[in-house]
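All values below come from the heavy atoms of this structure, side chains included, with hydrogens, waters and symmetry mates left out. Per chain, numbering begins at 1; letters A, B, ... match sequence-line order.
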There are 2 protein chains.
Amino acid sequence: METTIRKEKSVSLSQRAYEELRTKILNNDLRPGRFFLEKELATLLGVSRTPLKEALVKLENEGLIKVQPRHGMQVIPLSADDMAEIYQIITSLECEAVSTIARRGLSNREISQLEETGISMAEALEQDDLQSWARADEDFHRLLLDFCGNTRLKQTVLNYWDISHRARMFTLNLRDKPVNSTKDHQQVIEAIKAKNAEKAVSIHRQHRVNGGAVLVNIIKQYRLDHL
Amino acid sequence: METTIRKEKSVSLSQRAYEELRTKILNNDLRPGRFFLEKELATLLGVSRTPLKEALVKLENEGLIKVQPRHGMQVIPLSADDMAEIYQIITSLECEAVSTIARRGLSNREISQLEETGISMAEALEQDDLQSWARADEDFHRLLLDFCGNTRLKQTVLNYWDISHRARMFTLNLRDKPVNSTKDHQQVIEAIKAKNAEKAVSIHRQHRVNGGAVLVNIIKQYRLDHL
DNA sequence: GTATAATATAATGTATAAGTTAATGTATTG
DNA sequence: CAATACATTAACTTATACATTATATTATAC
């Protein structure tokens, strides 16, 4: 508790503004496309404009928002085309990570960690808990990025996850039950165990291409052009 | 002339600070690893600290610098491992672009544009003009990114090009004459013409993997751990 | 009624002062 | 000589005042 307080005190206002704003964006608390003026946001976050501006520069650089001078900032709405672009990048880089891992191999401990996420996903499905399922699914993908060992690749993918997060969470309940995901993950793990990079990449790519297509189609189907 | 002045006037001080600082970084005008205090940079660029801070936030976000509170900012030195990481990402995303292009095909005009860069590269080699060669080489890669049509993928790759630019320019004169590059490029173009995505990707990947290995090896060989 | 010019307003850019805090220097003690 | 405590200095954070400029509103001319 005390360390939390102390840690909280050491975070600058600009860092706090950044984190709060980013959380609101990812939680769909700020309607995409709507403009928010600097003074509105400063009041909302309880800071002056200087730390707020710093936060806005970071978020714009990360592709989550766009600042239009004199009109304010807006959460960038995501179209189906945007999602297709983003998934193309995520797929490419994750496959690169999978390829690296499969060629190098993983320790038994690392394999266990991956398998545990599959168990969690299956349990979450049994309990009809899509939020837990999504977290376990993300754990799987994140572990792949961790094991790859390329910190910049991981950071780049995480950034694109952020950008697509709202759309992924928004459409979670609109998709069919993700029973295939667990199978795909298991097959990727098997291929990694066998050090079959080509197969691991092929399965993972198909997994991501399918997932991306589902998402893009939902956006088109529901005409959600302001996600 | 007047439009230049007017355009110049409309660029904010923070944008100007960002561009000047970025140019200095890419030109190796600021020694990597050395710290520069905010007030030093503000004086150097002739601005106050507010626009400078904004510039620093952007550059740090782009991975070109690191700001260490109370010590100032430093251009991030690049090690051989860093370059290996960066080239892994560039290679993966460029190959994704090549795959997309080769599967979709290019117009005759687009093919011509690519071939023109090969001509420029050959001419530059004849004249022993490595700077011109480097520009033509970059033109080739940039066109691939343009034709792919994924603006985020292009932006991400350009950002990593930026980060690696200093190392690439620094080592330009330390590498063997890049005669293979022109051949590789030509073969990629031929495979794209034939809509052979697998072949185009394979050649391009090998091209980039080789280029990356050369760079990484030069950094290791010359012990250039502060590039 | 429409187009244009003038004016007012509001949003943002920028500079800088004040406050906070971390780094450094110095003195003291064991 | 090393470790620790304290004082000083310097770097950065933050708030806000002022300047600039883009946008909105109003007035005027045709």
By side-chain hydrogen bond (donor to acceptor under 3.5 Å, both in side chains), A/Arg142 pairs with (sequence neighbours left out) A/Glu138
Its contact letters, B for base, S for sugar-phosphate only and - for none at protein heavy atoms under 4.0 Å, make nucleotides 8-18 of chain D read --BBBBBBBB-
According to the salt bridge (charged side-chain N to carboxylate O under 4.0 Å, His left out) rule, which pairs have a member within residues 86-96 of chain A, sequence neighbours left out?
A/Glu94-A/Arg208, A/Glu96-B/Arg205
With sequence neighbours excluded, what pairs up with A/Phe140 under the ring pair (Phe, Tyr, Trp, His ring centres under 6.0 Å) test?
A/His185
For the pair made of CG in B/Leu45 and P in C/dT14, what is the distance, rounded to whole Å?
13 Å
For B/Tyr160, the ring pair (Phe, Tyr, Trp, His ring centres under 6.0 Å) test, sequence neighbours excluded, returns none
Going by the rule side-chain hydrogen bond (donor to acceptor under 3.5 Å, both in side chains), which residues pair with A/Glu110 if we only count those two or more places apart in sequence or in a different chain?
A/Ser107
